[in-house]
Amino acid sequence: MQVKTRFAPSPTGYLHVGGARTALFSWLYARHCGGRFVLRIEDTDRERSTQSAIDAIIESMKWLKLNWDEGPFYQTKRFDRYREVIQKLLDEGKAYKCWCTKERLEKLREEQMKQGLKPRYDGHCRDCQTGHSPDEPYVIRFKNPTEGTVSFNDAVKGKVEFKNSELDDFIIQRTDGTPTYNFCVVVDDIDMGITHVIRGDDHVNNTPRQINLYHALGAKVPEFCHLAMILGDDGTKLSKRHGAVSVMQYREDGYLPDALVNYLVRLGWSHGDQEIFSRDEMIRDFTLEAITKSASGFNTKKLDWLNAHYMKTLPADEVGEELLWHLKRQGVEDPSKGPAAALVVKAYAERTHTLKEMAQKALCYYKDFEGYDPKAVKKWIKDGSVEILQSAYDLLSSAKNWESAELDKALEALASEKGVGMGAVGQPLRIALTGSSVSPGIGDTLVLCGRDRALLRIQKAITEFSRK
Ligand code: GLU
């Protein structure tokens, strides 16, 4: 049997961390088994679904590099198929039309509540299909078995059992003719050959209804795996209150996709006490058995730690790609006019915590900065600084190789020739080159600026500071 999993988001908002974790686990399981992964957009709720949410989901999945083998499928494009299956159920007497009015259902609900019963449809129309005119609005309900139990062996929760007497005849088609979630999801999972349904445990209560539908349609029931929810640092359900919850917000905040994926895989899954997993390791080691039963807590510090790790250890080219995205967001129109992004990554990975911060610090290598940091100027620009800058300029303008170690050496020689410490040379230069006195080694800073830009800036600083 070829394993086939799916991620089936409803596009009613951005992709949040919980959804991304579900997507990741489904993707990992398919990859672990050498199976296939399907992306399906569950957009039947037309009022709440939006194109921008669809775009955000797809963008997030791509950014996380959770590639799918089939899809994206859209439920709204499959209405003919749903209609066909509903007709089949009607023809076989496994579904029926229900004309009960809102008022009747409301009254029924109130009475049941008064008696301390769980509100459920009483099957009024189940055996009474006559006496209605064709233009009277109706819904279509599934004939749920009235006796016995329905159970499944959840990969995380173990055996889960429901009494059929607790389930009612749920609606599969609304009065406006559109099919409902519980129905479409089953038709889709059957048609798409899904073998493992991995999803959030907010769907556990839907599963017995769906299983009854599988039986009615004569289809094989897939394996189910319901993931426990993610909690915020304070133990309550993760929500906006806890800060960033949308995947793209993490991107904007400067996290790497590999850091977020590594963070997410440990939310409810473990492999010994290992914390850092390459994608290959995750795929190799991921099993449904090792998913934890209890809810997992979000921990921003750990995510930060992983992000720092990946900024330092991933190939600089790869991190550089992500840095380019941030540079553009911060107004760099043409990054090719500055240093290669990988160079910035090498110089700044140890000095910054996020790529957003790295981009902020590196902006000065791509476009002119506004003014010098007054504190830095006060501290470092002294009598004699202009003269040192001038000597540095002369030295640098005749440098044969614009290479970090060589430039460092030449400037060290200049400092000893002038009988001053390296700070008295390096700091005025840093201020001239970047506007601030904090930057990587002076040789690296010069390389990042590039020869022309560096010499121009030193000249400008000489003019500026001569006036003081
Ligand atoms: N569309 C559902 C949701 O976004 C998921 C359905 C499923 O995974 O079965 O919650």
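Whatever order the structure lists them in is the order used to number ligands and atoms, beginning at 1.
Closest protein heavy atom to atom 1 (N) of ligand 1: Glu42 OE1, 2.6 Å. In terms of protein heavy atoms, atom 8 (O) of ligand 1 is closest to Arg6 NH1, 2.7 Å. Regarding atom 10 (O) of ligand 1, its nearest protein heavy-atom neighbour is His203 NE2, 2.9 Å. Here the protein heavy atom with the shortest distance to atom 5 (C) of ligand 1 is Ala8 O, 3.3 Å.
If you look at Ser10 next to ligand 1, the close heavy atoms, those under 4.0 Å, come from the backbone and the side chain alike.
Within the 4.0 Å heavy-atom cutoff, Phe7 does not count among the residues contacting ligand 1.
Counting heavy atoms from C-beta outward, Val185 and His203 have side chains that stay 4.5 Å or more apart. In this structure, Lys356 and Glu252 have side chains that are not in contact, with every pair of non-hydrogen atoms separated by 4.5 Å or more.
Within the listing of ligand 1, atoms 9 (O) sit less than 4.0 angstrom from a heavy atom of Val185.
With rounding to the nearest 0.5 Å, the separation of CD1 in Ile140 from CG in Leu89 is 9.0 Å.
Phe369 and Tyr372 have perpendicular rings, their planes meeting at more than 60° on a 0 to 90° scale where under 30° would count as parallel. Classified by interplanar angle (parallel below 30°, tilted 30° to 60°, perpendicular above 60°), the ring pair Tyr250/Phe298 is tilted.
For a threshold of 3.5 Å applied to N or O pairs, the pair formed by Asp202 and ligand 1 contains no separation below that value.
With no hydrogens or angles considered, a side-chain donor-acceptor pair links Tyr255 and Asp304 at under 3.5 Å.
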